[in-house]
Enquirer: 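Sharing a structure below in structure tokens format, with a few things to ask.
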Amino acid sequence: MLQKLTAARAAIPKLIAARATLTAAIGQLNKGIPKLAKAIATIDANLVKARDGIRKIDHGLSKLADARAGLKRTRKLAVIAAADTTGVDLATFAKGQSVVRAPGDGVVTAVAHVGDVLASGATVAELARPASVVTTWLSPEQVAQTCLDATATVRLDSSGTAVDGRISRILPLAAYPPSYHTTDQTHLTRAVGVEVTVGSALPPGVPADLQLSPCSTSR
């Protein structure tokens, strides 16, 4: 028992030294706690800033995705608009409608008056082309003395020019001639149309005398 008490007494200085060391360590720890708390607060503030930055990045990425989708839609619309030629076709058609073109050479016999409003596609002017066929009307008695391919002479009243031709057609039936054709008999009498093809074109609407050669063979 005495030995144990002696050993315990000998250990008291060590315990006192250990207590002093522990007390010093506690003092240092107490000094470090405020610094540690300040460091933790700084870390928390930085975490808040980091979260805000992440939210801003996410928002920017969302806007970038929307912009990219809008750009794709705009590109598709641009491709569709580039392929659509409706406007160009309408403008080309309107331009074509504003230009008056004659189907061929001829003499103007009628034309719209200045200030007239015409519908689209309406006739602006009428042309009479030079005639290569002259039509006359003969009585049945005269037709009886006329043959196909017989020679004929057409003489213009205005210039006296004579043009050679041939009888190219004799209509099969007699009919009332048009009022603008003159015959030896009244227009109420049926007559037979005879066409003469000439070698050179004649001006339309010009009065002319027609001389037909009789048949060279008996009919």
Side-chain angles (χ1 to χ4, degrees), residues 73-143 145-213:
R73 289 193 297 270
T74 304
R75 183 178 181 182
K76 289 181 180 179
L77 292 175
V79 172
I80 295 173
D84 186 11
T85 59
T86 302
V88 177
D89 294 340
L90 290 175
T92 303
F93 177 77
K95 181 180 179 181
Q97 291 294 98
S98 64
V99 178
V100 179
R101 293 184 176 88
D105 297 335
V107 178
V108 177
T109 59
V111 65
H113 296 87
V114 177
D116 288 350
V117 178
L118 303 178
S120 177
T123 300
V124 177
E126 295 180 359
L127 297 179
R129 295 185 178 183
S132 59
V133 177
V134 179
T135 302
T136 187
W137 295 83
L138 303 179
S139 65
E141 293 80 6
Q142 293 173 321
V143 172
Q145 302 175 4
T146 305
C147 299
L148 287 174
D149 291 330
T151 59
T153 301
V154 179
R155 188 178 300 277
L156 301 180
D157 291 351
S158 58
S159 62
T161 303
V163 179
D164 296 331
R166 65 177 184 83
I167 299 175
S168 57
R169 185 184 180 193
I170 300 176
L171 300 183
L173 297 176
Y176 294 110
S179 59
Y180 55 83
H181 279 279
T182 59
T183 61
D184 294 340
Q185 303 178 21
T186 177
H187 287 98
L188 297 178
T189 303
R190 291 180 180 272
V192 178
V194 176
E195 294 181 355
V196 176
T197 300
V198 295
S200 59
L202 302 176
V206 177
D209 291 332
L210 186 63
Q211 183 177 358
L212 305 179
S213 299

Enquirer: Tell me the closest heavy-atom pair linking V192 and L171, and the distance in Å.
Expert: CG1-O, 3.3 Å
Enquirer: Could you give all pairs that pass the salt bridge (charged side-chain N to carboxylate O under 4.0 Å, His left out) test and reach residues 191-203, with sequence neighbours left out?
Expert: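 Counting only pairs at least two positions apart or across chains, the salt bridge (charged side-chain N to carboxylate O under 4.0 Å, His left out) contacts touching residues 191-203 are R169-E195.
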Enquirer: Show the nearest heavy-atom pair for residues V196 and A152, with the distance to one decimal.
Expert: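 In this case the closest contact between V196 and A152 is CG1-CB, 3.8 Å.
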Enquirer: Under the side chain to side chain contact (heavy atoms under 4.5 Å, CB included) test, which residues partner L156, sequence neighbours left out?
Expert: S158, S159, L202, P203, V206, A208
Enquirer: Partners of D149 by salt bridge (charged side-chain N to carboxylate O under 4.0 Å, His left out), sequence neighbours excluded?
Expert: R166
Enquirer: Nearest heavy-atom pair of S168 and T197: which atoms, and what distance?
Expert: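 Heavy-atom minimum between the residues: OG-OG1, 2.8 Å.
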Enquirer: Kindly write out the residues that satisfy side-chain hydrogen bond (donor to acceptor under 3.5 Å, both in side chains) with T153, not counting sequence neighbours, or none if the list is empty.
Expert: none
Enquirer: Using the side chain to side chain contact (heavy atoms under 4.5 Å, CB included) criterion, which residues pair with S213? Sequence neighbours excluded.
Expert: T151
Enquirer: Would you compute the distance between atom OG1 of T136 and atom CG of L138 and round it to the nearest 0.5 angstrom?
Expert: 5.0 Å
Enquirer: Kindly give the heavy-atom pair with the smallest separation between R190 and P140, and that separation in Å.
Expert: O-CD, 4.1 Å
Enquirer: Return the set of residues passing side chain to side chain contact (heavy atoms under 4.5 Å, CB included) with T74 (not counting sequence neighbours), or none when no residue passes.
Expert: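 For T74, no residue satisfies side chain to side chain contact (heavy atoms under 4.5 Å, CB included) once neighbours in sequence are set aside.
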Enquirer: Sequence neighbours excluded, which residues qualify as side-chain hydrogen bond (donor to acceptor under 3.5 Å, both in side chains) partners of T123?
Expert: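 Once residues adjacent in sequence are excluded, T123 has no partner under the side-chain hydrogen bond (donor to acceptor under 3.5 Å, both in side chains) criterion.
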